[in-house]
Amino acid sequence: QMCIRDRSTWGILKMLARSLINFTRSFRGAARVNLNWSMQRSFAATEDIKSVPGNKPPMLEESVHGRYAGVLFIAASKKEALHHVLEDIRYLKELYQGSEGFRNFLSNIAFKRGEQTQVFDTLNESRKLNEITQSFIETLIENKRVDSLPKVLDKYIEYYRILNKEESITIISSTELNKEDQDRVQQALKQSYKGVNFTVKYQVDSSILGGLQMYSGNTFMDASLLSRVNRIKSELARITI
């Protein structure tokens, strides 16, 4: 039986559990639509990857989160559940990004194992996780590595993207792009990079004045009005000198 240290701790855990349930409900229906602008969107036909030959991740990383993500990947591949675990991973990542309470919970190493289990059990009641994901979380709790979960989530997503030939791109515009503009951007990417599946994240930065900027890995492309203005200013400065 779980032992709670004191009433104040128990109260905190109950409040956190309630907030997590309420937050997960916000992802359903119209509320989720409102979040689409800041969330990543995938396009181009992609196949769900269930498993890989040998069950090993596409790369190995000797960091703590890299090793744990590798263990999760192997377990999921053996059960032909890589795609199902990916859904859980993305859900937990959305929860981490959107809930300050969940972020504080994961980073607080003072919680005991039983208390951590209680929170994840409550979370699992709201959104049933794959049994592999559940078992993995139990392993993190047992090994006192719950604080590593956010980086593990990112690493698992990275492994899956490599397998899926998927690239992550951030498009920055001065104002919010409408659907027609987004479709044009996506069509241009498809034509320029055939066979690659892109995950596009849209951001707004009014300081670029107009046009677009694009980040992909270590690559930066600047077709903004701000860059043109700065270029003209630089040329005028040389002329006046």
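Along the sequence shown, the residues carry numbers beginning at 1. Not measured: the values here are computed from a predicted model.
- With hydrogens and angles ignored, the 3.5 Å screen pairs a side-chain donor or acceptor of Ser77 with a backbone N or O of Val52.
- The hydrophobic cluster containing Ile109 does not contain Leu149, counting ILVMFWY residues as joined when their side-chain heavy atoms lie under 4.5 angstrom apart, directly or transitively.
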Report the C-alpha distance between Arg184 and Glu180 in whole Å, list the side-chain angles of each, state the deciding distance to 0.1 Å, and finish with yes or no for salt bridge (Lys or Arg N to Asp or Glu O under 4.0 Å).
CA-CA 6 Å; Arg184 287 175 183 160; Glu180 184 179 352; 2.8 Å; yes

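- Here the shortest heavy-atom pairing between Gln213 and Ser224 reads NE2-OG, 3.7 Å.
- Closest non-hydrogen pair, Leu212 versus Ser173, comes out as CD2-CB, 3.6 Å.
- Residues Val71 and Ile137 do not share a hydrophobic cluster, clusters being chains of Ile/Leu/Val/Met/Phe/Trp/Tyr side chains in contact below 4.5 Å.
- For Asp121, there are no salt bridge (charged side-chain N to carboxylate O under 4.0 Å, His left out) partners, not counting sequence neighbours.
- Separating the CD atom in Glu87 from the CG atom in Leu82 is a distance of 12.0 Å, to the nearest 0.5 Å.
- With hydrogens and angles disregarded, a donor-acceptor distance shorter than 3.5 Å links the side chain of Ser107 to the backbone of Asn104.
- Distance alone, capped at 3.5 Å, places no donor-acceptor pair between the Asn130 side chain and the Val85 backbone.
- Taking 4.5 Å as the limit, every side-chain heavy atom of Asp181 sits out of range of all side-chain heavy atoms of Val185.
- Relative ring orientation between Phe120 and Phe102 is described as perpendicular, the plane-to-plane angle rising above 60° on a 0-90° scale split at 30° and 60°.
- A distance of 12.0 Å separates CG of Asp88 from CG of Leu95, quoted to the nearest 0.5 Å.
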Where do Thr170 and Met214 land on the side chain to side chain contact (heavy atoms under 4.5 Å, CB included) test, with the steps shown first?
CA-CA 6 Å; Thr170 299; Met214 184 182 83; over 6 Å; no

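- Checked by atom type and distance alone, the side chain of Ser135 never pairs as donor or acceptor with a backbone atom of Ile132 at under 3.5 Å.
- Using a 4.5 Å heavy-atom threshold, the side chains of Leu129 and Arg127 count as touching.
- For His65, the side chain to side chain contact (heavy atoms under 4.5 Å, CB included) criterion is met by Glu61, Ser63, Lys151, Val152, Lys155, not counting sequence neighbours.
- Using a 4.5 Å heavy-atom threshold, the side chains of Phe73 and Pro58 count as touching.
- One finds the CZ atom of Arg231 at 10.5 Å from the CG atom of Leu226 (value rounded to the nearest 0.5 Å).
- Closest approach of Ser174 to Ile208, counting heavy atoms only: N-CD1, 3.7 Å.
- Nearest approach of Tyr159 to Gly66, heavy atoms of both residues: OH-O, 3.4 Å.
- Formation of a donor-acceptor pair under 3.5 Å by the Arg103 side chain with backbone atoms of Gln97 is found in this model.
- The ring pair (Phe, Tyr, Trp, His ring centres under 6.0 Å) check on Tyr68 picks up nothing, with sequence neighbours excluded.
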Residues Lys179, Asp183; criterion side chain to side chain contact (heavy atoms under 4.5 Å, CB included); working and verdict:
CA-CA 6 Å; Lys179 186 179 184 304; Asp183 289 343; 3.1 Å; yes

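- Of the possible polar contacts, one joining the Glu115 side chain to the Lys112 backbone as a donor-acceptor pair under 3.5 Å is found.
- When atom types are taken as modelled, the side chain of Thr122 and the backbone of Gln118 share a donor-acceptor pair closer than 3.5 angstrom.
- Between Gln116 and Phe105 the shortest heavy-atom distance is CA-CZ, 3.7 Å.
- The salt bridge (charged side-chain N to carboxylate O under 4.0 Å, His left out) search around Lys128 returns none, not counting sequence neighbours.
- Across every non-hydrogen atom of Gln182 and Leu177, the tightest pair is NE2-O, 3.2 Å.
- For the atom pair CD1 of Ile49 and CG of Leu86, the computed distance is 9.0 Å after rounding to the nearest 0.5 Å.
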Quick one, Tyr96 with Leu106, criterion side chain to side chain contact (heavy atoms under 4.5 Å, CB included). Give me CA distance, side-chain angles, the key distance, then yes/no.
CA-CA 9 Å; Tyr96 178 78; Leu106 293 181; 3.6 Å; yes

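- Qualifying salt bridge (charged side-chain N to carboxylate O under 4.0 Å, His left out) partners for Glu62, counting only residues two or more places apart in sequence or in other chains: none.
- In this structure, Ile171 and Tyr215 have side chains that are not in contact, with every pair of non-hydrogen atoms separated by 4.5 Å or more.
- Looking only at distances, a side-chain donor or acceptor of Thr117 sits under 3.5 Å from a matching main-chain atom of Arg113.
- Lys78 contributes atom NZ, which lies 6.5 Å from atom CG of Asn55 (distance to the nearest 0.5 angstrom).
- Two different hydrophobic clusters hold Ile74 and Ile157 under the rule that ILVMFWY side chains link at heavy-atom gaps under 4.5 Å.
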Run the side chain to side chain contact (heavy atoms under 4.5 Å, CB included) test on Leu123 and Val119 for me, step by step, so that the C-alpha distance in whole Å, both residues' side-chain angles and the decisive distance to 0.1 Å come before the verdict.
CA-CA 6 Å; Leu123 181 62; Val119 170; 5.5 Å; no

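- One finds the OG atom of Ser148 at 9.5 Å from the CZ atom of Arg67 (value rounded to the nearest 0.5 Å).
- The side chain to side chain contact (heavy atoms under 4.5 Å, CB included) test applied to Lys50 returns Glu80, His83, not counting sequence neighbours.
- No side-chain heavy atom of Arg161 sits less than 4.5 Å from a side-chain heavy atom of Glu158.
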